[in-house]
Protein chains: 4
Amino acid sequence: MAQARGNTRQRIQSVALELFAEQGYEKTSLREIAERLDVTKAALYYHFKTKEDILIGIFQDLTAPMDELIAWAGRQPRTLETKQEILRRYQVNLIAAAPLFRFMQDNHAVVSKLSVGLTFKERMLTLNDLIQEPGSSLTDKARCISAIFTLHAGTFFMANVEGDPEDKRKAVLEVALDLVEQAQKGH
Amino acid sequence: MAQARGNTRQRIQSVALELFAEQGYEKTSLREIAERLDVTKAALYYHFKTKEDILIGIFQDLTAPMDELIAWAGRQPRTLETKQEILRRYQVNLIAAAPLFRFMQDNHAVVSKLSVGLTFKERMLTLNDLIQEPGSSLTDKARCISAIFTLHAGTFFMANVEGDPEDKRKAVLEVALDLVEQAQKGH
Amino acid sequence: MAQARGNTRQRIQSVALELFAEQGYEKTSLREIAERLDVTKAALYYHFKTKEDILIGIFQDLTAPMDELIAWAGRQPRTLETKQEILRRYQVNLIAAAPLFRFMQDNHAVVSKLSVGLTFKERMLTLNDLIQEPGSSLTDKARCISAIFTLHAGTFFMANVEGDPEDKRKAVLEVALDLVEQAQKGH
Amino acid sequence: MAQARGNTRQRIQSVALELFAEQGYEKTSLREIAERLDVTKAALYYHFKTKEDILIGIFQDLTAPMDELIAWAGRQPRTLETKQEILRRYQVNLIAAAPLFRFMQDNHAVVSKLSVGLTFKERMLTLNDLIQEPGSSLTDKARCISAIFTLHAGTFFMANVEGDPEDKRKAVLEVALDLVEQAQKGH
DNA sequence: GATGAATGAGGCTTCATTCAT
DNA sequence: CATGAATGAAGCCTCATTCAT
């Protein structure tokens, strides 16, 4: 019976993220979450004030690493090597918080209305800024944006390509690294 | 009173797409669509059997050009120039049906449960196949996927970058063309 | 294409009765009737003012024979033979208008609120009066009611009993005739 | 405000049966039931998953005695006295659950589509089997069916006959008992 | 920590009906 | 004779949320 005690809050977040990622935020009801946990809806309200609060909690927990990444990046010299290291670390984040990112990709409309969501978009732009060279050409700017999205797309859409997951991860990373290198050279 | 006659069906689709793109499919209610058209909810049901049917109608209308593109591509020789032309035409499609694609990007969870959605994913994979070289390396495969997503991301996320829209479009296209060229060379 | 012309009114009644009998009056929608006839709902309104009017029309057409039966019965001497002849003829009516009676049996609640329905109940009571002897015992009164209901039940529930339909019909009739005979003797 | 607590579920069933019997199942809306209980529609859904579930609940509660009757009958020797006792007990059931049976008689179309409804028809046939002699004539079979329906009809249609209810009940029962006796003799 | 009972708002859908053409 | 388009009312149902216990 009793799952380890006192972790209900985390169990809620975990099940919620799973369902949000799978079905979307709007489509997922508290009843569903409660049922999957074998708990009453009212119990959810003991731990979170609203449905959105559950989402916010998930965000805060899972985006912390990204904030650290940004903070760290801000302290480094703006060399090519730094930029590439940013991409490497970003890909690690992406994979670690895969369900969250999948969810964000699929529920952009909802997320963007969250206060947390805005913060997130800003974070992505910040990241992008750290990779770009201030006065670079539009083409090189597009390369940088493309590099970030290659990591995203690669993580979620290479699923349809055959091959060892680890090899695919490396291939995707390589393409992204190439793109910033070209952007840097163009400069 | 009387808005131009006989075009109600199309007006519904147009307003619906607008709202779906803006707020997401689940979040948009038929009441909202009806109100914005100054029509009763029941009127929507005269033209479409269900809410999902509205979406399906939009899809069918707006993805037709992509089918033509795929058909055309299938008849061409698989040269680098062909592949690049595919990307050029794909970008045109993307821009023409911008709200639809924005919607699909933001409502992946919903769309993927639509029969039309499946068809769409298949179409993207088909397109990807037409760009790739059969025996290429994983890295080059990633480059091709990246090229397609660069067009997507570029079309919707370059909005945050300063510059003339047409110039930005060209810059994004250039990056995508580069990527398939590199993939081709690698081969 | 064109079914024989000009009979649309009757085709509506026929299809409607079929559906009413099968699904009940409330559960059957005009859309359904229209679709089954390959006609628009609006067309139904050309022939009938309301949904209830369709039902009323059916009643009037199909209960006419019963009115004749009652009229005829009123003119006969009140002998046992007359009473039995009434039952014989009633069974014929019952079988001829089987779907109507099935419908009435299954939708009593609806029918009883129809003006036509009231008339119908009165008709049944009138029939019952013609079979009963004024001062008979309660038991004999029950026998007469039972006789009528035996014909009804028999027509619709002997379906679950094996045997030639015609033989079953005769068996049921025999029981009903017996019952009035006993009622008569008791007197 | 506060009606006696904790009995809401039963109050719903009771009011629902009343309305179903009076107006028919389809014609009765959940709004009506809720209003009569001074409760929200949503409250109904806390206690029952669907409208049909309310009906199913009523059935299960009210048809239990009939199951017991059938079980008891199965254990008795198949004498005339047993059969008559079955009819006596059946009439008691009929009167005790009068609204349910009235409802079933008037909403056959709806009920027969319920899984519970099927069960019910089977129960009636089982009862009929317990009363009949295996190899009897069609006429005697009709007599047995007639006996059961006499109880039904009698209970609900003798209302239009003058007399003390208890006396009428006895009269109806007598007719039914007679019928099985004749069927038995015929054998 | 959690439940049982309930609510108010709102969702999608269907219906009978109307009317200009 | 019949249709196409639309309406207003109402249906069933689900949701996020609350609160006394």
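Chain naming here is simple, since letters A, B, ... match the order of the sequence lines and numbering starts at 1 in each. The model shown is predicted, which means the values in this text are computed figures rather than measured ones.
Separating the CG atom of B:Leu30 from the C1' atom of F:dG8 is a distance of 16 Å, rounded to the nearest angstrom. The nearest whole Å value for the distance from the CD1 atom in C:Ile33 to the C1' atom in F:dA2 is 17 Å. Atoms NZ (B:Lys51) and C1' (E:dT13) sit 13 Å apart, rounded to a whole Å. Rounded to an integer number of Å, the gap from B:Tyr46 OH to F:dA6 P is 8 Å. With rounding to whole Å, B:Lys41 atom NZ is found 15 Å from E:dC15 atom P. Atom P of nucleotide F:dA5 and atom CG of B:Asp38 are separated by 18 Å, given to the nearest angstrom. Following rounding to the nearest Å, D:Phe48 (CZ) and E:dA6 (P) show an atom-to-atom distance of 12 Å. One can place CG of A:Leu44 at 13 Å from P of F:dC15, the figure rounded to the nearest angstrom.
Neither OP1 nor OP2 of F:dC12 sits under 4.0 Å from any side-chain N or O of D:Thr50. Neither OP1 nor OP2 of E:dG4 sits under 4.0 Å from any side-chain N or O of D:His47. At F:dG11, one or more side-chain N or O atoms of D:Arg31 fall inside 4.0 Å of OP1 or OP2 (strictly under the cut-off).
Under 4.0 Å is where a charged nitrogen must lie from a carboxylate oxygen, and between A:Glu35 and A:Lys41 no such pair does.
Where C:Ala42 and B:Val39 meet DNA chain F, the nucleotide closest to each residue was compared, and C:Ala42 sits on the side nearer the 5' end. Nearer to the 5' terminus of DNA chain F, by closest-nucleotide assignment, is the contact made by C:Ala43 (compared with the other of D:Ser29 and C:Ala43). A residue-by-residue look at D:Thr40 and C:Lys27 shows that D:Thr40 has its nearest nucleotide of DNA chain E further toward the 5' end.
Side-chain N or O atoms of B:Thr28 include one that pairs as donor or acceptor with a backbone N or O of B:Gly24 at under 3.5 Å. Between the side chain of A:Tyr45 and the backbone N or O of A:Lys51, no donor-acceptor pair lies under 3.5 Å.
Residues D:Ile54 and D:Leu30 meet the side-chain proximity criterion, which asks for heavy atoms closer than 4.5 Å.
Remark: F:dA20 base-pairs with E:dT3. Criterion, Watson-Crick or G-U wobble with two distances under 3.5 Å.
A side chain to side chain contact (heavy atoms under 4.5 Å, CB included) with B:Ile58 is found for one member of B:Asp61, B:Ile56, B:Leu62 and no other, namely B:Leu62.
In the set F:dT3, E:dT7, E:dC12, the nucleotide with an atom closest to the side chain of B:Tyr45 is E:dC12.
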